[in-house]
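We use all heavy atoms of the structure for the numbers below, so side chains are in, but hydrogens, waters and symmetry mates are not. Residues: numbered from 1 along the sequence shown.
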Amino acid sequence: MTSPTLKFRSIIPYMRGEGGFAFIARGRELASKGHHVVNLSIGQPDVPTPDNVIESAVHWLRDKKYTAYTETPGIPELRQAVADYLNERYGSDVDWREVVVTPGTKGAIFLSLATYLDPGDEIIVPEPSYPAYPEGAKILNAKARFVPLRFEGSDKGFKLDMEAIEEAITPKTKMIVVNNPHNPSGAVFTPREIDELVDIAREHKIMILADEIYDNYVYDGSFKSLISYPDWREFLVYTNGFSKTFSMTGWRLGYIVVRREVAEILSKLAVNIWGCPTSFAQKAAVTALKDPDTWKWVEKISKRYAEMRTLLYNELQGIEGVEAWKSRGAFYLFPRISSLLNKVNMNVDEFVNYIIDNYYLIILPGTAFPDTAGKDYVRFSFATSREAILEGAKRFREAVEDLLSKQS
């Protein structure tokens, strides 16, 4: 007889975790055993939160006025600061009452999905994909329809496949997800691609769920924000956050921008899930957005990561079976290694596990980014030091040469 405590929802056995967190834990376990681990998997800046932001949080904690509940959609001061930032940067016309602050951008993504999706509805997800989009839909008994990005080689990189996206639309389609700049590929979709995506949404009267969490890490090309369209209220659910831009991953602060009446609905749902975002973190986030010193810090870090991207790209050149593309944004290189995998008779998970177990180098298999389009790729993060990149690339090269030598 099955215990009542084991009668979970039918969807529970099919839930996936986020691979990146599992590999972080694995790296820490190896380090605890005395191994010199090089971690090129972590999708976060390798520097702490700026001092002025930390000092702001400490001030408001000591003031003791921001240790209690706040308004569910966030304090008006932060909502206004977000609106001002988007309006100044992207020429938008966001009203502060159209901003809902959330516990992390993952919270923003799930709240957005939960507001729009009924059981049986569908979302279109370009893949490889950040896991929060399809898993959020799955929790809600909705479905993700995956559309692979087109990899056009090491000179052009990854593109949205507009024909495939349009072909994937069904009467059940509620929204298209677009993460730009893109994790894990490092693509920055062109303004023309974004225009075409908006045209599809308008024509079919479906929503776009935009995740622009990496918008301050663009190294090449032109970035066009979806919040910049004059009619954004007709088709857009916009999400962003503080984790990547200000190295505030542990602070758990994100936000949603939607038309005002939808923001009010989101707030009703949010109050039943988390009540409100963390109070003193919100005050510190105001400092992050409004203090010019913070933006000088962001510019400095972005320039350094552009250099680390070039360094890693150069170090991967000439490794047999590795086809690296010099990404245009975010923190990642996502080289194709299909020919290497064929030569060493491994799948990507076996290959990554071999490198971790034998060379103590943590990278991510493309299969960590659903659905199946990542099976021929690995992800490197370059949000780290020059020393880590040089050592990690050296170990990667040695591992590849070792595996190839065993096949000869």
Whether Lys174 engages the ring of Tyr116 as a cation-pi pair (distance to the six-membered ring centre under 6.0 angstrom, angle to the ring normal within 45°) should be assessed.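 Output no; distance or angle outside limits.
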Quick one: are Glu264 and Ser267 in side-chain contact, heavy atoms under 4.5 Å?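 The answer is no, as the side chains (C-beta and beyond) never meet within the 4.5 Å cut-off.
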Crowding at CG, Asp155 (>12 non-hydrogen neighbours, <6.0 Å):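 Atom CG in Asp155 is packed in, count exceeds 12.
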Please check if the number of heavy atoms outside Arg62 that lie under 6.0 Å from its CZ is greater than 12.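 Open: at most 12 neighbouring heavy atoms sit under 6.0 Å from CZ of Arg62.
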Are any side-chain N or O atoms of [X] and backbone N or O atoms of [Y], one a donor and one an acceptor, separated by less than 3.5 Å?
| X | Y | value |
| --- | --- | --- |
| Ser92 | Ser228 | no |
| Asp121 | Leu117 | no |
| Thr245 | Phe242 | no |
| Thr294 | Lys290 | no |

Hey, are [Y] and [X] close enough side-chain-wise for a donor-acceptor pair under 3.5 Å?
| X | Y | result |
| --- | --- | --- |
| Thr49 | Trp251 | yes |
| His182 | Ser185 | yes |
| Asn52 | Asp291 | yes |
| Glu212 | Ser225 | yes |
| Asn183 | Arg379 | yes |
| Thr170 | Glu122 | yes |
| Tyr332 | Tyr214 | yes |
| Asp402 | Tyr354 | yes |

Going through the distances and angles, do Ile208 and Leu197 end up as a side-chain contact (heavy atoms from CB on, under 4.5 Å)? CA-CA 9 Å; Ile208 294 176; Leu197 194 69; 4.1 Å; yes
Could you pull out all residues at least two apart from Tyr359 that satisfy ring pair (Phe, Tyr, Trp, His ring centres under 6.0 Å)?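 Expected list: none.
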Have a look at Phe246 and tell me which of Trp297, Trp295, Tyr217, Tyr85 forms a ring-ring contact (aromatic ring centres under 6.0 Å, His included) with it.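 Only one option passes, and that is Trp295.
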Over 60° means perpendicular and under 30° means parallel, so classify the ring planes of Phe151 and Phe158, tilted if in between.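 Plane angle between 30° and 60°, so tilted.
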Aromatic ring proximity, centroids under 6.0 angstrom, Tyr377 and Trp325: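 No; Tyr377 has its ring centre 6.0 Å or more from that of Trp325.
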For Phe331 together with Tyr305, are the ring centres under 6.0 Å from each other?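 Judged by ring-centre distance (under 6.0 Å), Tyr305 and Phe331 do meet the cut-off.
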Please walk me through it: do Trp60 and Tyr66 pass ring-ring contact (aromatic ring centres under 6.0 Å, His included)? CA-CA 6 Å; Trp60 292 109; Tyr66 278 87; 5.3 Å; yes
Taking every non-hydrogen atom, the tightest pair across Ala144 and Val125: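 Shortest heavy-atom separation between Ala144 and Val125 comes out as CB-CG2, 4.0 Å.
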Pairs meeting criterion side-chain hydrogen bond (donor to acceptor under 3.5 Å, both in side chains) with involvement of residues 386-396, two or more places apart: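 Applying side-chain hydrogen bond (donor to acceptor under 3.5 Å, both in side chains) to every pair that reaches into residues 386-396, excluding sequence neighbours, yields His36-Arg395, Glu391-Arg395, Lys394-Glu398.
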